[in-house]
Amino acid sequence: MEAASLAHGVASPVSQREGMTKNVSLESLQLCERDGKAEDPGVVGMELPVARNIKISNITCDSFKICWEMDPHTTEKITHYFIDLNKKENKNSNKFKHKDVPTKLVAKAVPLPMTVRGHWFLSPRTEYTVAVQIASKQTDGDYAVSEWSDIVEFCTADYSSVHLTQLLQKAEVIAGRMLKFSVFYRNQHEEYFQHCRDVLGSRMMPSVKDNSGSHGSPLSGKLEGIFFSCNTEFNTGQPPQDSPYGRFRFQIPAEVLFTPDTRLYFGDFYCMYTAYHYVILVLAPRGSRGDLYCRDRLPELDVTNNRFLTRVCGEDGRVVFQHAQDVILELIYTEPVQLAQGTVSQISGHQLMSFSTVNAKKDPSCKTCNISVGR
């Protein structure tokens with residue numbers, strides 16, 4: 001169902017046929033209470049079938065296909081379908097992105113399955129419940145309706161590579177000029193590095209990415225990696241002395257992690273209700289488990305020519321590393337890292353906790369870093 005404006009009365013949608021599948025536009029939206037019983041507007045003698053065995057398929061971050069079974073002998077009476085869609089966490093409340101959007105979707109009866117599509121009432125990675133009611137519009141404008149079907153649950157999908165490419169293109173617009181850098185760094189508390197030495201064999205180990213950034217990111221809760229930074233201060237060309245993550249910093253030469261055999265992927269673009277924008281990139285050694293996960297899900301970047309992070313070998317054989325100036329890069333390296341490959345030292349600045357992005361939620365109203373699908 002393509003999102004349509006709120007309207008009084010009912011207007012017939014026009015959609016293209018896709019075999020026997022319809023991509024249906026909303027005719028109108030109306031709010032109703034559902035208790036499992038037929039909502040009879042006063043029409044007598046009209047018996048309509050109840051939708052049975054509802055099946056949800058072809059689920060994306062902002063659409064799905066729905067079909068069901070019903071008595072074929074009564075189909076000529078059917079003019080409309082009412083689809084009751086609610087976020088699973090609270091089936092009785094109206095929790096779409098816009099508070100004035102009700103939960104009942106009204107569509108003209110078309111051959112099944114039909115596609116329900118709408119970024120303004122479907123969010124990525126979100127559990128929903130759905131139930132169907134069969135309706136027949138009467139000459140006076142009222143509806144005869146069946147009883148509600150059983151409730152079915154489903155979960156919408158992550159952003160696809162198409163959506164991530166749209167985010168990538170938005171991020172490229174504000175990335176700014178490129179600055180040279182020479183090290184990747186990771187800030188943590190002293191206890192973290194002691195644990196790495198005592199328990200993990202002096203290695204930093206990958207962990208599952210948290211839920212920061214875009215809600216539809218295919219990285220959150222799935223990709224394992226180690227977060228690094230590479231941004232430098234404009235006036236010194238060195239990493240900043242402040243950090244929200246701890247007073248101890250591991251530094252490693254850029255060429256150790258960003259080798260000719262390292263693949264680079266774009267992962268996300270977001271902000272946290274501030275002027276600062278963040279770009280998540282993934283550094284994955286070719287053929288590694290992280291590489292295999294990313295290559296089917298994320299846009300791959302040319303390591304020598306992109307707007308965020310580059311590795312270029314000059315004519316003299318020296319390798320030059322550069323990062324974008326106007327975005328904060330969050331780099332995920334997908335393999336373990338030996339502490340012996342770098343150094344750990346204490347920084348002199350402050351621990352700016354307000355800049356932490358741990359489980360940070362993306363600002364859904366920012367026009368710079370949002371696209372027209374669920375946030």
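Throughout, numbering of the chain's residues begins at 1 and tracks the sequence.
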Practice task
Would you mind reporting whether Met114 and Lys65 have side-chain heavy atoms less than 4.5 Å apart?
Solution key: no
Practice task
Report the relative orientation of the aromatic rings in Tyr278 and Tyr270; use parallel for angles under 30°, tilted for 30 to 60°, perpendicular for over 60°.
Solution key: parallel
Problem - Close side-chain approach of Val132 and Ser146, heavy atoms under 4.5 Å - result: no
Handout entry: Lys/Arg cation over aromatic Phe250: Arg186, 6.0 Å, 45° cone
Key = no
Practice task
Indicate if Val344 and Val337 have the same hydrophobic cluster label, given that clusters are the connected sets of ILVMFWY residues with side-chain heavy-atom separations under 4.5 angstrom.
Solution key: yes
Exercise for the section: Indicate yes or no: at least one non-hydrogen side-chain atom of Phe248 is less than 4.5 angstrom from one of Ile347. Expected result: no
Fill in the blank from the handout: Rounded to the nearest 0.5 Å, the OH atom of Tyr159 sits from the CG atom of Asp62 at a distance of 9.0 Å
Handout entry: Note, Val319 side chain near Glu255 side chain (heavy atom, < 4.5 Å)
Key = no
Exercise for the section: Using the ring of Tyr293 (Phe, Tyr or Trp, six-membered ring only), decide whether Arg289 places NZ or CZ under 6.0 Å from its centre and within 45 degrees of its axis. Expected result: no
Handout entry: Side-chain heavy-atom pair Leu167, Phe266 within 4.5 angstrom cut-off
Key = yes
Problem - Interatomic distance, Phe181 atom CZ to Ser229 atom OG [nearest 0.5 angstrom] - result: 11.0 Å
Practice task
Identify whether Leu292 and Val208 are in the same connected component of the hydrophobic contact network (ILVMFWY, side-chain heavy atoms under 4.5 Å).
Solution key: no
Problem - Distance-only side-chain donor-acceptor flag, Ser217 / Ser214, under 3.5 Å - result: no
Problem - Heavy-atom pair of closest approach, residues Pro218 and Asp158 - result: CA-OD2, 3.5 Å
Exercise for the section: Could you grab the distance from atom OG of Ser220 to atom CG of Asp210, nearest 0.5 Å is fine? Expected result: 6.5 Å
Practice task
Using a strict cut-off of less than 4.0 Å between a Lys/Arg side-chain nitrogen and an Asp/Glu carboxylate oxygen, indicate whether Glu300 and Arg263 qualify as a salt bridge.
Solution key: yes
Problem - Rounded distance (nearest 0.5 Å) linking atom CG of Leu48 with atom CE of Met70 - result: 9.5 Å
Practice task
Could you check Thr304 against Asp302 for side chain to side chain donor-acceptor pair (under 3.5 Å), going step by step and ending with a plain yes or no?
Solution key: CA-CA 5 Å; Thr304 65; Asp302 181 346; 2.8 Å; yes
Handout entry: Thr232 and Gln238: side chain donor to acceptor below 3.5 Å
Key = no
Problem - Rounded distance [0.5 Å steps], CG in Leu122 versus CD1 in Ile59 - result: 10.5 Å
Problem - Gln325 versus Arg177, side-chain donor and acceptor atoms under 3.5 Å - result: yes
Practice task
Indicate yes or no: does Arg52 engage Asp150 in a salt bridge with an N to O separation below 4.0 Å.
Solution key: no
Practice task
Report yes or no: do Asp363 and Ser365 form a side-chain donor-acceptor pair below 3.5 Å?
Solution key: yes
Problem - hydrophobic_cluster_shared for Val152 and Ile66, side chain cutoff 4.5 Å - result: yes
Problem - Test item: Ile174 and Phe269 side chains (from C-beta on) under 4.5 Å apart, heavy atoms - result: yes
Practice task
Determine, for Lys209 against Glu224, whether the closest basic-nitrogen to carboxylate-oxygen distance falls under 4.0 angstrom.
Solution key: no
Problem - His323 side chain near Asn231 side chain, heavy-atom distance below 4.5 Å - result: yes
Problem - Contact summary for Asn306 and Met178, nearest pair of heavy atoms - result: O-CE, 4.1 Å
Exercise for the section: Classify the ring geometry between Trp68 and Tyr81 as parallel (under 30°), tilted (30 to 60°) or perpendicular (over 60°). Expected result: perpendicular
Practice task
Kindly determine whether Thr343 and Gln251 satisfy side chain to side chain donor-acceptor pair (under 3.5 Å), including the steps that lead there.
Solution key: CA-CA 5 Å; Thr343 60; Gln251 265 187 198; 5.0 Å; no
Exercise for the section: Please name the pair of heavy atoms, one in Ser149 and one in Ala51, separated by the smallest distance, quoted to 0.1 Å. Expected result: CB-O, 3.2 Å
Handout entry: Sub-6.0 Å ring centroid separation between Tyr185 and Phe228
Key = no
Handout entry: Side-chain donor-acceptor contact under 3.5 Å, Gln194 with Asp198
Key = yes
Practice task
Give a yes or no on whether Met205 and Tyr245 share a hydrophobic cluster (residues Ile, Leu, Val, Met, Phe, Trp, Tyr; joining criterion: side-chain heavy atoms under 4.5 Å apart).
Solution key: no
Practice task
Check whether any side-chain N or O of Ser288 sits under 3.5 Å from a backbone N or O of Ala284 as a donor-acceptor pair, and report yes or no.
Solution key: no
Handout entry: Note, Leu257 side chain near Glu335 side chain (heavy atom, < 4.5 Å)
Key = no
Practice task
To the nearest 0.5 Å, tell me how far Ile226 CD1 sits from Tyr333 OH.
Solution key: 8.5 Å
Problem - Atom of Leu168, atom of Phe308 and distance for their closest heavy-atom approach - result: CD1-CE1, 3.3 Å
Problem - Joint hydrophobic cluster, Val327 plus Leu283, side-chain heavy atoms closer than 4.5 Å - result: yes
Handout entry: Short N-O contact, Asp291 and Arg286, less than 4.0 angstrom
Key = no
Fill in the blank from the handout: Tightest non-hydrogen contact, residues Gln338 and Gly201, listed as OE1-O, 3.9 Å
Handout entry: Aromatic plane relationship, His80 with Tyr143 - under 30° parallel, 30 to 60° tilted, over 60° perpendicular
Key = perpendicular
Completion exercise
Nearest heavy-atom contact between Pro239 and Arg249 is CB-NH1, 3.5 Å
